[in-house]
Protein chains: 2
Amino acid sequence: MKPATPPPSGAWPLLVRLFFAQRANLPPLAAELRLSPAQCHVLHLIEPERPIPMGQLAETLACDASNVTGLVDRLESRGLVRRRPSAGDRRVKVLVLTPTGSRLRALLLDRMTAPPAALERLSLREERALVRILRRLLE
Amino acid sequence: MKPATPPPSGAWPLLVRLFFAQRANLPPLAAELRLSPAQCHVLHLIEPERPIPMGQLAETLACDASNVTGLVDRLESRGLVRRRPSAGDRRVKVLVLTPTGSRLRALLLDRMTAPPAALERLSLREERALVRILRRLLE
DNA sequence: CAGGATGGTTGACAACCTCAAGTATTAGGC
DNA sequence: GCCTAATACTTGAGGTTGTCAACCATCCTG
């Protein structure tokens, strides 16, 4: 039997592993809030007081526009989001969080942002360094 | 109009943002290899020469066992994976990559591991620090 | 050996996702 | 001003992903 996969050496492979590990962890959290992972992603992207056009959402999600239609249909039917006509262009519909949606979004971010136990293992120095580095990665 | 969301300050919120950004980036990559995101995840988890029981896969994916059945059905029908009876326990079936599956997996990891442009912005020092920190996060 | 736990499959059903086609609106060329 | 092309979203069909409940085969324990 071969040994377990040796830890990859570069930074990006490690991030990929962290990414997949984290991916597995979203469904239970979503279920807790009666949401699907995809709905969490959408809710995460609509900031309160910052309406976003549906097309832009599709682009950010890297998915087909018709998919966004369905996702928003379900979120809207639950009263979390509202479609509003755009002032400038009557073709586009912008999405706004309802108060309920806004509260649920805050709860979601709160849950997701609760640091996992693994983070406790970092020293204060390390955590600061990580923050600085991630900031640069995200622009 | 409010300003864009201020950058979160803790390490974990930043990781969450990186996670969501990365999530949007998987579907196009998967499509390029004629795979779905979920199939990528499975392929990522089956290491060559390291057969894994289906149940363990379900646990790692944090999904129902019946879901794994379907995923493996499709991967197997494409000749990427094979079910094999386990020596010790005749209830369990372990998954092995076929040579084709192994090649596709290598290609997948290669594509995913190609560092995005953002990583180039890090200095050598920062990258080393990031690697060290991520290693600790992943155990 | 009986009864219960465990690993995997099946079937029903909902959500997710893409593609192709359709509608409404906008923008550009004449 | 019009006619055409492009854009924003919706609809419908069809496959994938995911859950749950029920099921069979195998293991394990008393």
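Here is the naming used below: chain letters follow the sequence lines, and residue numbers restart at 1 for every chain.
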Looking at five pairs on each end of the helix from C/dC1-D/dG30 to C/dC30-D/dG1, what is the angle between the two axes, given to 10 degrees?
20°
Among residues two or more places apart or on two chains, list those pairs meeting salt bridge (Lys or Arg N to Asp or Glu O under 4.0 Å) that have a residue in residues 66-82 of chain B.
B/Asp73-B/Arg83, B/Glu76-B/Arg83
Residues at least two apart in sequence or cross-chain that pass side-chain contact (heavy atoms from CB on, under 4.5 Å) with B/Arg103, listed by chain then number, are B/Pro99, B/Thr100
Residues clustered with B/Val96, ILVMFWY side-chain links under 4.5 angstrom:
none
Taking 5' to 3' order, which nucleotide of DNA chain D is first and which is last to have an atom within less than 4.0 Å of a heavy atom in chain B?
D/dT16 to D/dC27
Does anything in residues 28-57 of chain B form a ring pair (Phe, Tyr, Trp, His ring centres under 6.0 Å)? List the pairs, not counting sequence neighbours.
A/Phe20-B/His41, A/Phe20-B/His44
Hydrophobic cluster (4.5 angstrom, side-chain heavy atoms) - remaining members for B/Leu124:
none
How many whole angstroms separate atom CD of B/Gln56 from atom P of C/dG7?
11 Å
Sorted by first residue and then second, give each salt bridge (Lys or Arg N to Asp or Glu O under 4.0 Å) pair with at least one member in residues 91-101 of chain B; sequence neighbours left out.
B/Asp89-B/Arg91
Tell me, do A/Arg105 and A/Leu97 make a side-chain contact under 4.5 Å, heavy atoms counted?
yes
With sequence neighbours left out, the residues meeting salt bridge (charged side-chain N to carboxylate O under 4.0 Å, His left out) with B/Glu126 are A/Arg132, A/Arg136
Contact list for residues 45-86 of chain B, test ring pair (Phe, Tyr, Trp, His ring centres under 6.0 Å), sequence neighbours left out
none
Residues 51-66 of chain B vs side-chain hydrogen bond (donor to acceptor under 3.5 Å, both in side chains), sequence neighbours excluded, gives B/Asp64-B/Ser66
Separation of C/dT6 C1' from B/Glu59 CD (nearest whole Å)
13 Å
At under 4.0 Å between heavy atoms, how does the protein contact nucleotides 16-29 of chain C? Give one character per nucleotide, 5' to 3', with B, S or -.
SBBB----BBS---
